[in-house]
Amino acid sequence: MRVLVTGGAGFIGSHVVDVLREHGHEPVVFDVRERAADDVRDVVAVARALDGVDAVCHQAAMVGLGNGVDDAAEYVSRNDLGTAVLLSAMARAGVGRLVLAGSMVVYGEGRYACPRHGDVRPGPRAVDDLDGGRFEPPCPHCGADLAPGLVGEDAPGDPRNVYAATKLAQEHLAAAWARSAGGAAVSLRYHNVYGPRMPRDTPYAGVASFFRSALARGEAPRVFEDGRQRRDFVHVRDVAAANLAALEARPAPGTLTAYNTGSGDPHTVGEMATALAEAYGGPAPVVTGEYRLGDVRHITADSSRLRADLGWKPEVGFDEGMSEFARAGLRAL
């Protein structure tokens with residue numbers, strides 16, 4: 001199968017390219033890192049790249065939290081306009097299979113249970129609470145403490161920042177394309193991806209990159225809030241394998257199917273920072289109490305649907321992955 005991989009020279013995209021080649025497919029890299037003209041917003045360049053292609057693996061995106069709304073236009077342009085251009089070109093070229101790099105950020109906060117009200121959806125955390133070090137979201141009905149759990153794909157979208165809003169819009173665009181063009185789309189909602197080739201020293205690379213970059217400078221990783229935020233850290237090779245499984249699957253035409261793509265082994269941010277520092281042999285993390293307003297408290301995945309439907313399962317455990325990541329080199333964005 002000949003597969004166009006947008007963002008194929010990037011962190012996750014380069015691993016997708018590797019696994020496609022290893023399994024006898026022909027990846028075609030489309031990435032501004034390799035050719036400035038390879039911009040998914042360029043109608044002519046995208047049309048040319050789709051020639052002879054059987055499927056598209058869409059990894060190209062502007063990633064990160066989003067700095068308030070100051071950079072909203074750039075996020076929407078790169079992520080949503082770029083996706084719209086790509087999908088329109090796919091419809092014209094008759095390319096009917098798409099795997100989209102989705103994200104867990106579409107959910108906002110994860111799943112929570114109140115002892116009195118059952119499953120609840122807390123709203124955005126209040127600035128006064130964050131300033132006072134009260135990081136856990138309370139029950140929106142009674143104010144009680146909540147127990148975090150695993151979020152499933154059927155949870156409603158609730159994006160909390162600009163980047164998250166663009167990732168949800170990408171899914172809506174892909175679903176509209178699938179219905180109108182008879183295509184089949186899969187969105188892999190990545191959780192916290194880490195591993196070799198992760199970009200260094202950039203606000204767009206994620207907390208694992210921040211911590212690893214600090215250690216490389218001889219500095220202690222700086223952990224925001226109290227370090228007890230729960231995340232699902234999933235190795236990049238497992239994410240690449242999920243892309244392969246999605247590309248080789250046969251989803252029903254006219255549909256978009258979303259799959260959580262996580263390890264199924266949640267850890268706190270503080271635990272991750274400690275494991276990475278110990279594996280690297282650097283200074284212990286420092287818990288700062290700082291926060292970012294667009295961050296959510298807990299978000300961990302139920303990836304059972306991906307395992308059941310596509311036969312995928314993660315192969316790289318947390319300790320093994322952190323040990324490897326501590327030794328791996330980082331790359332420029």
Side-chain angles (χ1 to χ4, degrees), residues 3-17 27-50 53 56-92 95 98-106 108 157 159-177 185-193 197-206 209 236 239 243 256 258 261 292 294-295 331-333:
V3 182
L4 180 68
V5 184
T6 70
F11 167 44
I12 298 173
S14 65
H15 285 275
V16 172
V17 167
V28 178
V29 175
F30 186 86
D31 196 309
V32 291
R33 297 172 186 85
E34 292 201 345
R35 278 176 22 107
D38 285 353
D39 188 325
V40 289
R41 295 168 294 183
D42 187 315
V43 175
V44 175
V46 171
R48 186 189 319 105
L50 286 169
V53 161
V56 174
C57 187
H58 185 29
Q59 305 293 317
M62 183 176 179
V63 300
L65 181 65
N67 181 23
V69 295
D70 291 344
D71 50 6
E74 187 70 9
Y75 271 95
V76 171
S77 176
R78 290 177 180 269
N79 296 353
D80 298 337
L81 175 60
T83 299
V85 169
L86 174 65
L87 294 171
S88 297
M90 289 175 64
R92 289 191 295 272
V95 179
L98 171 72
V99 175
L100 173 68
S103 175
M104 53 85 177
V105 296
V106 301
R160 299 291 174 86
N161 55 61
V162 168
Y163 169 64
T166 67
K167 296 306 289 183
L168 187 57
Q170 282 185 309
E171 288 194 358
H172 290 316
L173 288 166
W177 163 81
V186 169
S187 177
L188 297 175
R189 291 175 175 170
Y190 301 157
H191 282 248
N192 290 73
V193 187
R197 305 178 202 160
M198 203 169 192
R200 64 173 181 266
D201 296 320
T202 168
Y204 305 120
S209 173
V236 67
V239 168
N243 277 271
L256 178 139
T261 308
R292 298 191 305 181
D295 278 345
R331 57 183 284 175
L333 183 63

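Remember, predicted model here, so these are calculated numbers, not experimental data.
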Please tell me if the side chains of [X] and [Y] come closer than 4.5 Å, counting only heavy atoms from C-beta onward.
{"X": "Leu100", "Y": "Val186", "value": "no"}
{"X": "Val99", "Y": "Val56", "value": "no"}
{"X": "Arg92", "Y": "Val43", "value": "yes"}
{"X": "Arg197", "Y": "Val236", "value": "no"}
{"X": "Val69", "Y": "Val162", "value": "yes"}
{"X": "Val63", "Y": "Phe11", "value": "no"}

- Item | Candidate pair Val193 and Ile12, rule side chain to side chain contact (heavy atoms under 4.5 Å, CB included), full reasoning | CA-CA 8 Å; Val193 187; Ile12 298 173; 4.1 Å; yes
- Which is it for Asn161 and Val105 under the side chain to side chain contact (heavy atoms under 4.5 Å, CB included) test, yes or no, and what are the steps along the way? CA-CA 9 Å; Asn161 55 61; Val105 296; 5.5 Å; no
Donor-acceptor side-chain pairing of [X] and [Y] below 3.5 angstrom:
{"X": "Tyr190", "Y": "Asn243", "value": "yes"}
{"X": "Glu171", "Y": "Ser187", "value": "yes"}
{"X": "Thr261", "Y": "His191", "value": "no"}
{"X": "Arg189", "Y": "Ser103", "value": "no"}

- Dump the intermediate steps for side chain to side chain contact (heavy atoms under 4.5 Å, CB included) on Val239 and His15, then the final yes or no. CA-CA 9 Å; Val239 168; His15 285 275; over 6 Å; no
Testing the basics here: between [X] and [Y], what is the closest heavy-atom pair and its distance to 0.1 Å?
{"X": "Asn79", "Y": "Met62", "answer": "OD1-N, 2.7 Å"}
{"X": "Pro159", "Y": "Ala165", "answer": "CB-N, 3.5 Å"}
{"X": "Ala91", "Y": "Trp177", "answer": "N-NE1, 4.0 Å"}
{"X": "Val5", "Y": "Gly13", "answer": "CG1-O, 4.1 Å"}
{"X": "Val46", "Y": "Val40", "answer": "CG2-O, 3.5 Å"}
{"X": "Val85", "Y": "Arg41", "answer": "CG2-O, 3.9 Å"}

- Message: Set out, in order, the CA-CA distance, both residues' side-chain angles and the distance that settles side chain to side chain contact (heavy atoms under 4.5 Å, CB included) for Asp39 and Arg78, then state yes or no.
- Response: CA-CA 9 Å; Asp39 188 325; Arg78 290 177 180 269; 5.8 Å; no
- Any sub-3.5 Å donor-acceptor pair from Ser77's side-chain atoms to Ala73's backbone N or O? no
- Asp71 side-chain N/O to Glu74 backbone N/O, donor-acceptor pair under 3.5 Å: no
Got a second to check how far [X]'s [atom1] is from [Y]'s [atom2], nearest 0.5 Å?
{"X": "Phe30", "Y": "Arg48", "atom1": "CZ", "atom2": "CZ", "value": "8.0 Å"}
{"X": "Arg331", "Y": "Arg33", "atom1": "CZ", "atom2": "CZ", "value": "6.0 Å"}
{"X": "Asp31", "Y": "Thr6", "atom1": "CG", "atom2": "OG1", "value": "8.0 Å"}

- Message: Just to verify, what does Asp80 make a side-chain contact (heavy atoms from CB on, under 4.5 Å) with, not counting sequence neighbours?
- Response: Val76, Thr166, Ala169, Gln170, Leu173
